[in-house]
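Chain letters run A, B, ... following the sequence lines, proteins first and then strands; every chain starts at 1.
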Amino acid sequence: MSLHAVLYVALAMFAIGLYGVLARRHVVAVLLSIELMFNAGNLAVLALAWSRGLLSGVILVLFAIAITVAEVAVGLSLVLLAARRSRTAVLDDLSELKG
Amino acid sequence: MTAALYVLGGPLAAFAAIALLPPLRRAGRPAGLLTVAGSVVSLAAALVLLLPFLRGGASPSEASTLWAPLGAAGALRFGLLVDGLSASMAALVALVALLVQVYSLAYMAEEKRPALGRYFAYHALFAFAMQGLVLAHNLLQTYFFWELVGLGSYLLIGFYWEKPEAGRAALKAFWTTRIGDVGFALGLLSIWTAAGTFTFSELFAGTAAGTVALAPLALGLAGVYLGAMGKSAQFPLHVWLPDAMEGPTPVSALIHAATMVAAGVYLMVRVSPLLVHAPALSAAILAIGVLTALVAGSLALVESDLKRVLAYSTVSQLGMMMAAVGAGAPEAAYFHLLTHAFFKALLFLAAGSILHAIHTGDLFSMGRLARKMPWTAACFAVGALALAGMPPLSGFFSKDEILAAVLAGGHPLAFALLLLNAGLTAFYIGRAFFLAMGGRRDAAGAPHESPPLMTVPMIALAVGAVAGGVLAGTVPRLFLASIAPPAAEGAHPPWAVALAGTLVALLGLTLAWMGYQRRSFDPGRIRAAAGPLVTVLERRYFLDDLFVFAYRRIYLGVSAVVGWVDRYVLDGAVNALAWATWQGAGRLRALQSGRAQDALYALVAGVILLAWLALSR
């Protein structure tokens, strides 16, 4: 498996994630898509580090995964709060910042 | 120098006390006594200032304090200048103010007490302002007090505020003089540009040393003269003075005969060393002065109200003084100012005495008052003779000085016209005298002599009007201790001029005597024969109509156009801008949908744009 193939996979994952972020209406789905984009980035870093034999890339990705978990925890709690307040988890209905 | 502060402080303290203590104002007469006391202090201090100059040998002194520092441009100072000119003028103002205020105690006695207190408060304010104007050591300060005397004049003309004419007259006086004052203010700017100072002594020194630009200086002086035109009722800004007779008569005597209207002449005398450098302006001052004298002198011929005759006479005499200033004889102008203050204040007080007795100023309702009011009649006669310029009364000397100065200055036409005016003066004052005091009919009402509080000030002024001629030698000495180059002392007017002036005056008086006392001829028939001319005079040369026309048609017309432009063009542009902003904002706020994904779209688009920019390098 060549480096390029892995990078294309990462790119595809990122694009799918981006599409999900922009197109999905449900907050949880958007959060999942963000996770997908994160992991696409992780995969790309991992692939590049692997191809050059650098251990630091792997360690960086480990940390990134840890941070991602924390971020998901914060994101989900925000979603819970928003849902409890507005009785909805649909992004389009959470538009109180409009001018 | 300390005495100068008392000159100002006396009236100011009286004013402050009356203004700040309402019970004192409402008490009326005590307020009057306090004002009189303030004037006594003022007069005593002014005499202390004046005496060294009368003895001769004293030199001018000035003291000032910093008013407004202007950095590199210098500083504005607030100060007092005591020299022969200001000290004598201050003494004159204090003396006439004192006499008029004493007279007012009796004349105004029938007023309600709060009104009386108000009256004396205004009097004290005016006296303070006038002394400040006289003693000012720079032009800006002069302007400051100049406006203040204008305020005093306005308040006192409108004293009988329940009378609509009085209110209108007060406004007219204020607005008309204001026209001139705008010129004064602009002139001050020009003088500052020229010299960088307002202080008289520095202006004189700078001009003498040649460090002052003469063109802007002349322009500035023209502005100052405009101010003087308003205050000293020069043609065509004289229209306010006859109307100002709506005020109480003592006010007319003090403000509109002796002091405030003379302030313009005083100011021009004060700046006369600078006038030498503005020959065109001097010529204009002379021409306008002569014109004023003749216009007012002719208007007085047909006036039937005693006070208005005197008012026109004042305008006419002010014209003569200004003519003397323009002819380069400020000492003659100042001499006439001094004597005029005495005899014209005297005439006004006598007129007030008549009004007090018969409650009308209509000359044709008067007659044979001399029998009932001997003192008033005698004082009126003295004033009239002095005004007519009969020797040896004061008016004779000062009028001849002016005539001689104008002739010596090389203005034969102006001399002839002023001589004519002397004849007119003698005639109209003779007419007024014979109509009021003589004639064949008795006056309406029950005339009676006025109380001593009124006759004594009149007698005091009469003494001044008789003896004022002795000042003839003093005035040049006062000038020597002041501003002017040494005047040739003892240069008496040529006898021919004195003779001509006296003969013309005699002629005028005789004509008046024949027409209104002897009835040798009927003035009414002459009046009828001169139809259109009399109409022109009775409509006052249509000047009032002209001013009304200028206001109604021209000023209001231009204002309407300007108002329309302001309302629809300027305001319209501003409103259109605001409307466009509002509308644009309405469109733009659609972008702020509040949806997170819309913001994300923008974010992604931005990232793509940045990436494209980075890659396309």
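Using a 3.5 Å distance cut-off with no hydrogens or angles, the side chains of B:Q597 and A:R25 do pair a donor with an acceptor.
Heavy-atom distances place the side chain of A:V30, and not its backbone, under 4.5 Å from chain B. In this structure, the portion of A:L91 lying under 4.5 Å from any heavy atom of chain B is its side chain and not its backbone.
Crowding of A:R24 atom CZ: a count of heavy atoms from other residues, nucleotides or ligands under 6.0 Å not exceeding 12.
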